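Everything below concerns the one structure shown next.
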Amino acid sequence: MLGKTALINPEDNIHIEGFLQALSADRASAANTLAAYRRDLNDAATIMHGIDKTLHNATVDDLRQAIHAWHLRRLTARSVARRLSALRQFMGWLVEDNIRTDNPMRWIDSPSVPAPAPKSLTENEVIALLKAANALEPEWAAVRARAILEIFYATGLRVSEVVKLQVAQFRRNPESLLVTGKGGRERVVPLGDAAKAAVQYWIEIRDRNAAALMSDYLFPMGDGPMTRHQFASLLKTVALAAGINPDRVSPHVLRHSFATHMLNRGADLRSLQTLLGHADITTTQIYTATRPDRLAGLVASAHPLATKTQDS
């Protein structure tokens, strides 16, 4: 950067801190979020200082030099996109506060960032989790953990949907559940024999507790349902017992595992979309990234010309 020491212009520093204070006040942004914005904006401000510019007077060409510098550092498209997002919001704030009259970020596009492939467990790892749940102590904890795992893996429900499950929904040992998901959209989700048996056993144990009988929730905790954090904590406990890195196990990972394993075993995307409660098929299509060979095999076996033979 033209031989200059990596510093930040004092005015930029003042403006960055003002922007972060505004974020904290207007959006109640978390400390980690604010720290990430500060790092990204300080980085951009340092590059501007190196070319005798500041963020509050940088032109679009100046900002493109920052992008060039990031590419020279071999930053990923995701990292560059994150920095540009911070700059875009910061420049908008400068304009709103009459520090700048224009927003040069209007002319800069963020790089295309591919959606990450969903993380999931193998089928053997799910089996290991179920076995580990059975071994928990005391008995009621084991039965509850097994029921929770079976529901997650059999239905692919979101954790926000599981916490709201009512015990009355299961009293008659139903074949399927009516679930209300995002946007109030309802869908019917089959349970499967293993999940049904696990839940019925849990209800027997649950009903022996007088306090639990007073709750409408399938998995009560005090005066309300188990929280998302409690569900996640329980899954990590089971993962440790199963010898699986607990960082790899969460309610969302179990949902991804359900979807991935269903697709691998022949489920079609439209059916999977319905089961998962996705409003758009493109959301469901991320699971095809986990098995590109399956799609290739589907074309080879199903395309009308794939098995065409030459006349002898």
Side-chain angles (χ1 to χ4, degrees), residues 1 4-51 53-100 102-119 158-160 182 227-229 231-233 236 245-253 255-256 283 286 289:
M1 295 182 287
K4 285 201 171 186
T5 305
L7 297 173
I8 296 175
N9 183 284
E11 287 186 75
D12 271 347
N13 188 56
I14 292 172
H15 294 147
I16 289 171
E17 292 306 315
F19 168 69
L20 295 176
Q21 289 175 15
L23 275 186
S24 178
D26 297 343
R27 304 186 196 173
S29 298
N32 288 343
T33 301
L34 295 176
Y37 275 113
R38 180 179 284 108
R39 285 192 301 272
D40 290 343
L41 292 173
N42 282 349
D43 189 15
T46 298
I47 296 173
M48 291 300 100
H49 184 73
I51 58 173
K53 288 283 188 172
T54 64
L55 289 178
H56 60 277
N57 68 17
T59 67
V60 63
D61 288 333
D62 297 330
L63 294 176
R64 287 191 174 118
Q65 289 196 53
I67 297 173
H68 179 65
W70 292 330
H71 284 306
L72 288 178
R73 283 194 235 156
R74 298 186 181 280
L75 295 186
T76 65
R78 191 174 302 280
S79 294
V80 173
R82 193 191 68 233
R83 283 168 169 76
L84 291 179
S85 175
L87 274 174
R88 189 167 284 109
Q89 295 179 67
F90 177 66
M91 291 296 181
W93 177 79
L94 289 178
V95 173
E96 288 176 6
D97 273 37
N98 297 314
I99 299 169
R100 287 192 63 120
D102 66 314
N103 184 346
M105 290 301 298
R106 292 174 55 198
W107 313 109
I108 296 179
D109 294 327
S110 292
S112 177
V113 179
K119 298 177 181 178
R158 302 178 179 92
V159 66
S160 59
K182 288 185 177 180
T227 65
R228 300 183 190 192
H229 178 74
F231 271 109
S233 179
K236 292 186 183 299
N245 184 343
D247 291 339
R248 295 183 54 231
V249 181
S250 69
H252 210 57
V253 167
R255 175 172 161 87
H256 285 326
T283 307
I286 62 172

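As the structure is a computational prediction, the values presented were derived from the model and not from experiment. Heavy atoms only: backbone and side chains are in, while hydrogens, waters and symmetry mates are out. Start at 1 with the first residue, then count along the sequence.
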Report task. Might you work through the side chain to side chain contact (heavy atoms under 4.5 Å, CB included) test for L63 and M91, ending with a clear yes or no? Result -> CA-CA 11 Å; L63 294 176; M91 291 296 181; 4.1 Å; yes

Requested in this report: Can you spot which of R82, Q89, R83 makes a side chain to side chain donor-acceptor pair (under 3.5 Å) with Y37?
Outcome: Q89

Got a second to check how far [X]'s [atom1] is from [Y]'s [atom2], nearest 0.5 Å?
X	Y	atom1	atom2	result
L34	L23	CG	CG	6.0 Å
T54	D12	OG1	CG	5.0 Å
D43	L75	CG	CG	7.5 Å
L41	T46	CG	OG1	10.5 Å
N13	I8	CG	CD1	6.0 Å

Query raised in the report: Can you list the steps and then say if F19 with D97 is a side chain to side chain contact (heavy atoms under 4.5 Å, CB included)?
Result: CA-CA 10 Å; F19 168 69; D97 273 37; over 6 Å; no

Requested in this report: Assess whether side chain to side chain contact (heavy atoms under 4.5 Å, CB included) is satisfied between L84 and M105, documenting all intermediate values.
Outcome: CA-CA 8 Å; L84 291 179; M105 290 301 298; 3.9 Å; yes

Query raised in the report: Between R248 and K119, does a side chain to side chain contact (heavy atoms under 4.5 Å, CB included) hold up when you go through it step by step?
Result: CA-CA 8 Å; R248 295 183 54 231; K119 298 177 181 178; over 6 Å; no

Where [X] and [Y] come nearest, the two heavy atoms and their spacing:
X	Y	result
T59	P104	C-CB, 4.1 Å
M48	L55	CG-CD2, 3.7 Å
A44	L87	CB-CD2, 4.0 Å
R228	S160	NH2-CB, 3.4 Å

Query raised in the report: Is there side-chain contact between N9 and H56, with at least one heavy-atom pair below 4.5 Å?
Result: yes

**Report entry** Sub-4.5 Å side-chain heavy-atom contact between E11 and N57
**Finding:** no

Requested in this report: Please determine, by modelled atom types, if S250 and H252 share a side-chain donor-acceptor pair under 3.5 angstrom.
Outcome: no

**Report entry** Heavy atoms of other groups near R74 CZ, more than 12 under 6.0 Å
**Finding:** no

Query raised in the report: How would you list, by chain and number, every residue that makes a side chain to side chain contact (heavy atoms under 4.5 Å, CB included) with E96, sequence neighbours excluded?
Result: none

Query raised in the report: Within the side chain of R88, is there an N or O that forms a donor-acceptor pair under 3.5 Å with the backbone of I108?
Result: yes

Report summary line: Contacts satisfying salt bridge (Lys or Arg N to Asp or Glu O under 4.0 Å) that involve residues 56-68 (not counting sequence neighbours) are K53-D62, D61-R64

Report task. Measure up the W93 and F90 rings against each other and bin them: parallel (under 30°), tilted (30 to 60°), perpendicular (over 60°). Result -> parallel

